[in-house]
Protein chains: 2
Amino acid sequence: MRLSTKGRYGVTAMMDLAIHDNAGPVTLADISQCQGISLSYLEQLFAKLRKHNLVEGVRGPGGGYRLSRPADQISVAEIISAVDEKVDATKCNNQGDCQGGERCLTHDLWTELSDRLYTFLSGITLSQFVNRPGIHELAIQRDKINGRFILARRQAEVLNQSRQHN
Amino acid sequence: MRLSTKGRYGVTAMMDLAIHDNAGPVTLADISQCQGISLSYLEQLFAKLRKHNLVEGVRGPGGGYRLSRPADQISVAEIISAVDEKVDATKCNNQGDCQGGERCLTHDLWTELSDRLYTFLSGITLSQFVNRPGIHELAIQRDKINGRFILARRQAEVLNQSRQHN
DNA sequence: TCAATCCCGACTAAAACACTCGGGAATACA
DNA sequence: TGTATTCCCGAGTGTTTTAGTCGGGATTGA
């Protein structure tokens, strides 16, 4: 388990996708501008997210990325372990040989802690953040200012439709 | 907030201290052998732990490190932020200028997430792991095998005393 | 005194991070 | 059919962090 700026980039990018989930794909160029990180670096992160089936890309004009599953089925834990890739276990653990044939019990305690942490992060989904009152309205406002006019209009339409359905 | 192998080293080392809390100080040499990391590197980590008032050193023969507070008053969150030092915030956040005068709301969401995480880790103390039935007995056994005879004997005495008190 | 400890700072190799560049392939739209 | 827009891919590069080494102190118990 690991949590660095890389994980933060992954999670915030996925939040962005979740916010615009019903408004067509989001381009990496948009996220790049917003997050303040380079486009190519984002591409590398999204390659991992795609490899782990968390997002899917849409090519061509008007394309971008969208979530490959509903936001309530994507946990923060998944995202982090996707971009950070590989949890290197303790040096002696599982080999069992921690000096003198007995293995350090602190390693077991650590394993338990990281399990707890992973469980905690698994319980936090993207939808928990996105489906709060006001978020979508804020997103539309923001998008208008930032020049996502078309997306914002499409998003509004989709919102209206879903309201009519309810 | 950040969580890498460095944080793991810090937490496992602190667990070791907590286990032997009532049995005199623990030497870095012992921890070094057990964790499989270099002594000097451990010294650097403990310099930070000491700077943050989580441990105190005892010099001279029979010396080592001990917790500077009871184990139930030391949280995992404290340890991690001590060794990892400085949480670098988002690039545009708090400056408020995330492209076009409006700030990315994903950053706010991220802040909320890392707050939740920190709160979670603040609720986990060293004593939660150490004060479980069997741990102390296991520690004594392990120490005997590993050559901590003197410590083990002192620990046993302390244990007996505390039993008489109860 | 002597050995065991903690303490301290400077240096170094390797890995991870963040980024750049240069090209492709698919696709909406003219 | 062309063209711009997007995703896709790999190779290379500078910087930072990680993990470690080295060499020397300062304290202190026996």
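Side chains are part of it too, since the values below use all heavy atoms of this structure and drop only hydrogens, waters and symmetry mates. Note that this is a predicted model, so its numbers are computed, not measured.
At a cut-off of 3.5 angstrom, the base of dC19(C) holds at least one donor-acceptor pair with the side chain of Gln44(A).
Set against dC17(C), dT18(D), dG20(D), the side chain of Ser38(B) has dG20(D) as its closest nucleotide. Picking from dC17(C), dC7(C), dC8(D) the nucleotide with the shortest atom distance to the side chain of Tyr65(B) gives dC7(C). Among dT17(D), dT5(C), dC8(D), the nucleotide with an atom closest to any side-chain atom of Arg59(B) is dT5(C). Here the side chain of Pro61(B) is nearest to one of dC17(C), dC6(C), dA4(C), namely dA4(C). Each of dT17(D), dC8(D), dC19(C) was ranked by its minimum atom distance to the side chain of Arg50(A); first place goes to dC8(D). Distances from the side chain of Arg2(B) to the nucleotides dT18(D), dA18(C), dC19(C) place dT18(D) closest.
Taking 4.5 Å as the limit, some side-chain heavy atom of Tyr41(B) sits within range of a side-chain heavy atom of Lys6(B). For the pair Leu117(B) and Leu3(A), the minimum side-chain heavy-atom distance is below 4.5 Å. Contact check for Leu113(A) versus Phe129(B): side-chain heavy atoms found under the 4.5 Å cut-off.
As rounded to whole Å, 10 Å separates atom C1' of dT5(C) from atom CG of Leu39(B). Protein atom CG of Leu49(B) is 14 Å distant from nucleotide atom P of dC8(C), rounded to whole Å. Between the P atom of dT17(D) and the CG atom of Asp84(B) lies a distance of 11 Å, rounded to the nearest Å. Atoms CG (Leu45(A)) and P (dC19(C)) sit 10 Å apart, rounded to a whole Å. For the pair Lys6(B) NZ and dA19(D) C1', the computed distance is 9 Å after rounding to whole Å. Note: CZ (Arg66(A)) to C1' (dT6(D)) measures 13 Å, nearest angstrom. What separates CZ of Phe46(B) from P of dA19(D) is a distance of 15 Å, to the nearest Å. Counting to the nearest Å, the P atom of dA18(C) and the CG atom of Leu42(A) are 11 Å from each other.
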> Can you list the steps and then say if Arg69(A) with Leu54(A) is a side-chain contact (heavy atoms from CB on, under 4.5 Å)?
Replying inline: CA-CA 7 Å; Arg69(A) 272 176 271 156; Leu54(A) 293 173; 3.1 Å; yes
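Contact between the side-chain N/O atoms of Thr5(A) and the OP1/OP2 oxygens of dA18(C) is found at a separation under 4.0 Å.
Both Tyr41(B) and Gly60(A) lie near DNA chain D, and the one whose nearest nucleotide falls closer to the 5' end is Gly60(A). For Gly63(A) and Ser40(B), each mapped to the nucleotide of DNA chain D holding its nearest heavy atom, the one lying further toward the 5' end belongs to Gly63(A).
A donor-acceptor contact closer than 3.5 angstrom links the side chains of Ser127(B) and Thr125(B).
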